[in-house]
Participant: 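The structure that follows is given in the form of structure tokens.
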Amino acid sequence: MTISTGDNWNSAAYQLSKQGQAYVLVTLVGVSGSTPRNSGTKMVISKADIYDTIGGGHLEHKTIKHARKMLAAGKASQHLEHFQLGSNLGQCCGGNASVLFECFAAVGVNIMLFGAGHVGKALIPILAQLPCQVTWVDSREEQFSSNLGANLGTNVAAYHNVHKVVSEEPELEVTNMPDNSYYIVMTHNHQMDFEISQAILKRADFSYLGLIASDTKWRRFQQRYKHRDIDQSQVARMNCPIGLSEVGGKLPMEVAVSVAAEIINTYQTETKRQAEKNLQQQNQQLGGNPKSKARPTSQQGIYWQEIKQLLTTEL
């Protein structure tokens with residue numbers, strides 16, 4: 001663990017958000033008596049690092065411990081906690097502090113884009129603005145120039161959530177991705193596309209696999225998958241032709257927009273499905289009691305009863 005008390009919490013939150021990393025923003029929303037820091041003081045806690053400070057001591061120790069529990073849960077959440085520094089935490093200042101914990105979950109969408117051609121270069125600036133981590137793979141170092149195109153003028157180094165990989169055997173990079181990743185295959189070489197897509201199909205754990213191909217290329221690939229004993233149920237999950245059919249056009253930017261739209265639609269649908277599943281599980285755990293049903297997904301954040309109880313507590 002690295003304690004970076006000299007780093008500003010605001011800069012840390014910005015950088016962690018750009019990188020898609022989970023973190024907890026801690027705020028002293030109310031203090032009374034003698035306390036190490038004033039109301040409004042903030043700090044940021046990530047899985048491995050701590051940025052800024054709310055004053056140190058046992059209060060900060062308990063705060064970090066609680067924040068790490070929230071990070072381990074892996075969900076975006078908010079929580080209010082009240083600490084009595086003297087009686088409960090043994091700090092000599094003896095005041096009281098109310099702490100707001102705001103947990104920002106890590107980005108759940110991991111994308112591996114194979115190909116740094118015209119469409120890939122048009123697609124990267126769009127993906128870079130989405131809540132995802134992108135690994136951009138190509139076998140040609142020269143394709144990763146600082147300028148992504150004469151008309152785009154975009155520096156890839158400016159995107160904190162895009163990581164370039166130069167590999168002579170790009171299909172080997174598939175093993176480095178986590179489960180449920182998104183894969184976009186659009187290299188300059190048909191055989192390379194086949195080897196990459198085959199490696200992904202063999203993993204059989206992708207959330208999305210899109211292949212750019214003509215009808216002829218797609219038919220040939222399907223036959224070759226059969227000859228390689230690839231599970232046909234996995235082949236059926238592929239998106240080919242790639243992109244939403246409602247977004248037409250063959251220009252690189254038109255294809256890029258179509259692919260990005262399909263990616264967005266896929267992860268938004270998965271997010272909604274998972275939220276509904278979680279709510280159903282919570283209701284089952286409550287035993288089906290209609291008076292004890294879990295909160296609907298439309299209600300989020302901290303409830304007013306919790307805030308009222310905190311604000312009316314005698315400090």
Participant: For F101 and H79, take the angle between the two ring planes, folded into 0 to 90°, and tell me which bin it lands in: parallel under 30, tilted 30 to 60, perpendicular over 60.
Facilitator: tilted
Participant: Could you pull out all residues at least two apart from D205 that satisfy salt bridge (charged side-chain N to carboxylate O under 4.0 Å, His left out)?
Facilitator: R203
Participant: Is it the case that the side chains of E262 and Y208 hold a donor-acceptor pair, with the cut-off being a distance below 3.5 Å and no angle test?
Facilitator: yes
Participant: Between D193 and T187 (side chain of the first, backbone of the second, donor and acceptor by atom type, cut-off under 3.5 Å), is there such a pair?
Facilitator: yes
Participant: Start with the C-alpha gap between F83 and H66, add the side-chain angles, then the distance that decides, and say whether side chain to side chain contact (heavy atoms under 4.5 Å, CB included) holds.
Facilitator: CA-CA 12 Å; F83 297 96; H66 184 77; 5.7 Å; no
Participant: Q280 and E276: side-chain donor and acceptor closer than 3.5 Å?
Facilitator: no
Participant: Between the side chain of E254 and the main-chain N/O of K250, is any donor-acceptor distance below 3.5 Å?
Facilitator: yes
Participant: Is it true that atom NE2 of H163 has more than 12 heavy atoms of other residues, nucleotides or ligands lying nearer than 6.0 Å?
Facilitator: yes
Participant: Would S11 and Y51 count as having a side-chain donor-acceptor pair, cut-off 3.5 Å?
Facilitator: no
Participant: Whether the R220 and Q223 side chains hold a donor-acceptor pair (N or O, under 3.5 Å, no angle test) is what I'd like checked.
Facilitator: no
Participant: Look at the side chain of Q143 and the backbone N and O of A116, then say whether any donor-acceptor pair between them is shorter than 3.5 Å.
Facilitator: yes
Participant: Who else is in L251's hydrophobic cluster (ILVMFWY, side-chain heavy atoms under 4.5 Å, direct or via others)?
Facilitator: none
Participant: Given I212, which of I184, V255, N239 fulfils the side chain to side chain contact (heavy atoms under 4.5 Å, CB included) condition?
Facilitator: V255
Participant: Under 3.5 Å, is there a donor-acceptor pair between the side chain of E60 and the main chain of I54?
Facilitator: yes
Participant: Check this for me, if you would: do E141 and K164 make a salt bridge, where the nitrogen-to-carboxylate-oxygen distance has to be below 4.0 angstrom?
Facilitator: yes
Participant: Using modelled atom types and a 3.5 Å cut-off, is there a donor and acceptor pairing between side-chain atoms of T27 and backbone atoms of K42?
Facilitator: no
Participant: Is the side chain of N110 donor-acceptor paired with the backbone N or O of S181 at a distance under 3.5 Å, no angle test?
Facilitator: no
Participant: Indicate the ring-plane relationship of F114 and Y183, choosing parallel, tilted or perpendicular according to the 30° and 60° boundaries.
Facilitator: parallel
Participant: Check whether V165 and W136 end up in the same hydrophobic cluster, where Ile, Leu, Val, Met, Phe, Trp and Tyr are linked by side-chain heavy atoms less than 4.5 Å apart.
Facilitator: no
